[in-house]
Amino acid sequence: MASEFPNIFLLAVDDRHFLHAPLAEMTVEVDKAAASTIDSILNSEHQIHDSVAEGWRDFLRDAAVAKPTVSEKRNYHIDRSGQIDFQPTSATLSLTTGCNLRCVYCHIHGGEDNRSMPIDVARAVISFVADSAARSCEDTISFDFHGEGEPTFNWPLFKEVVEHAESVAADRGFKLNLGLQTNALWNETQRAFICTKFDSISVSLDGLDRVQHEQRPTPNGKPSFPTIRENLIAMSEAGVPFGVRATVMPNSLDQMESLIDFLLERTNARSIGFEPVEPVGRGDGINADQDFKSAFAIRLLEAMSYGRKRGMEVEYSGCSHVARNSFCGATGDAISMTVMADGTVSSCYEVPSKEHRLGEFFIFGGFNPATGTFDFDQNRLRRLVNYRSNDNSPCGSCFAHSSCKGDCLTRRSMDDLLNGGCSSRCSVNKTVAKGAMILNAEANLSKALNEREAQ
């Protein structure tokens, strides 16, 4: 591809041709003749001698330099000495390693020990974020509860930290946003508290009775689905919005539509994210080979099409059409501050300690009991801020990069992280990206035709 047309891709799918311009957020189907002309222009082979070719070249130039709107604000400043002054206005708290489930694939062995964050550390997180927001002249502070175990497992601590965040926000005049990633295995009192306090709730639910019990059993072997179903229905009846996140294993590849049906028919959830299982942690040894990845990509695209027809948004983290500069806040201009139960600070909730295989990359600080606040490693923080996933890698020239943004960095080895390798989900991301582009192109065409008929 000539450098004159960066980020323009011509994709052939069977006998169809699609022009993909990610910066212009556009995918359109073109006929064979147009595809031939476009291909020649992109490869500097076409001599412009007619108005049609000239029109295509002008169109491609405009599409190549279009810039999507990315609302990402830096959460740090560089002081006069060149040091990074980290000023996050949000943080993720991993309150406990305890858990009331024993998911067979848990990457972090949740529930196998039971350590909780000291309340002094939790309060220090909230104070640090509030101080940073004040210094940055921001009016909102945000806290997500996620991490090493089920956030609500140590209920007294969870409740105390939420109420302390509310108190600090009220006393200092901040708006407060609270988010929760949970298994929703709550009692009625817990549900009532959560539903009145949280702005966003994401529930981990892998399927209906059989799938949930096989993949996310309780420690004593009792089924978890009935309680979770009751809580989801109750939240829906109370008008509390929530999304669902599901892990797909080889034995649940054919169960995506059944979960979509349940959510549509019994709850108010209108979005669900499916993720392929990763053979790490407790899931080490699960057969997630290339055949599984290929099957997942195909079944996911079928679920996306099914969900679109039924009014459910089906998502996958490796294929997002939201304009962004990086896959997540683990790197880039808005570094995530995830505080683990022992006070360790990581930019990724999947990497809880320096002993993790990627700990040297993501761990950049920790709580200092002597000072009552947090210390940050300047070298690691600087590397996270400046890191770009496509540096020295094939990602930058890939048609799918705009949707996967290099993918979750924990899907790479340390060597690939530092030297420009690819994600272990690369093949999945490409297949899903191509299929999603086609679905979007068809949907856009159908919408245009309907609008024309209505005129």
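Scope of the values below: all heavy atoms of this structure, side chains included, with no hydrogens, waters or symmetry mates.
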Evaluation steps, side-chain hydrogen bond (donor to acceptor under 3.5 Å, both in side chains), between Asn154 and Thr96:
CA-CA 7 Å; Asn154 186 336; Thr96 180; 5.4 Å; no
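- A 4.5 Å side-chain heavy-atom check between Glu148 and Met117 finds every atom pair outside the cut-off.
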Would you mind writing out the side-chain donor-acceptor pairs for residues 225-235 within the sub-3.5 Å range, not counting sequence neighbours?
residue: Asn231; atom: OD1; partner: Arg191; partner atom: NH1; Å: 2.8
residue: Asn231; atom: ND2; partner: Ala184; partner atom: O; Å: 2.8
residue: Asn231; atom: ND2; partner: Trp186; partner atom: O; Å: 3.2
residue: Asn231; atom: ND2; partner: Thr227; partner atom: O; Å: 3.4

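- Sorted by first and then second residue, the salt bridge (Lys or Arg N to Asp or Glu O under 4.0 Å) pairs involving residues 348-366 (not counting sequence neighbours) are Glu350-Arg411, Glu360-Arg383.
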side-chain hydrogen bond (donor to acceptor under 3.5 Å, both in side chains), that's the test. Do Arg412 and Asn419 meet it? Break it down for me.
CA-CA 11 Å; Arg412 302 187 186 197; Asn419 298 308; over 6 Å; no
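- Distance check, rounded to the nearest 0.5 Å: CD1 of Ile335 to CZ of Arg380 gives 13.5 Å.
- Taking all atoms of both residues into account, the shortest heavy-atom contact from Gly406 to Ser423 is O-CB, 4.2 Å.
- Here the closest heavy-atom approach between residue Gln215 and residue Ser252 is recorded as OE1-OG, 2.8 Å.
- Sequence neighbours left out, the pairs with a member in residues 426-439 that pass side-chain hydrogen bond (donor to acceptor under 3.5 Å, both in side chains) are Gln290-Ser427, Tyr316-Asn429, Asp407-Asn429.
- Aromatic rings from Phe158 and Phe198 are positioned such that their centres are separated by under 6.0 Å.
- For residues 150-161, every residue pair satisfying the salt bridge (Lys or Arg N to Asp or Glu O under 4.0 Å) rule, not counting sequence neighbours, is listed here: Arg123-Glu160, Lys159-Glu163.
- For the side chain to side chain donor-acceptor pair (under 3.5 Å) test, no residue two or more places apart in sequence or in another chain qualifies with Asp144.
- Residues passing the salt bridge (charged side-chain N to carboxylate O under 4.0 Å, His left out) test with Asp113 are Arg115, sequence neighbours excluded.
- Here CZ of Phe86 is found 11.0 Å from CD of Gln378. Values are rounded to the nearest 0.5 Å.
- Remark: Ser413 pairs with Asp416 by the side chain to side chain donor-acceptor pair (under 3.5 Å) rule, at least two apart or across chains.
- Every pair tested for ring pair (Phe, Tyr, Trp, His ring centres under 6.0 Å) that includes a residue from residues 199-220 fails, sequence neighbours excluded, so the list is empty.
- If you look at Tyr387 and Phe364, their ring centroids are not closer than 6.0 Å.
- In terms of the side chain to side chain donor-acceptor pair (under 3.5 Å) criterion, residue partners of Gln87 (sequence neighbours excluded) are, by chain and number, His77, Asp85, Ser136.
- The ring pair (Phe, Tyr, Trp, His ring centres under 6.0 Å) pairs that include a residue from residues 328-360 are His146-Tyr349, where partners are two or more places apart or lie in different chains.
- Shown here are the side chain to side chain donor-acceptor pair (under 3.5 Å) partners of Arg210, two or more places apart in sequence or in another chain: Glu214.
- Contacts classified as salt bridge (Lys or Arg N to Asp or Glu O under 4.0 Å) and involving residues 239-257 (residues at least two apart or in different chains) are given here: Glu257-Arg299.
- Taking CG of Leu259 as the reference point, atom CZ of Phe274 lies at 5.0 Å (rounded to 0.5 Å).
- Ring geometry for Phe374 against Phe376 counts as parallel: the plane angle stays under 30°, on a 0 to 90° scale with 60° as the upper cut.
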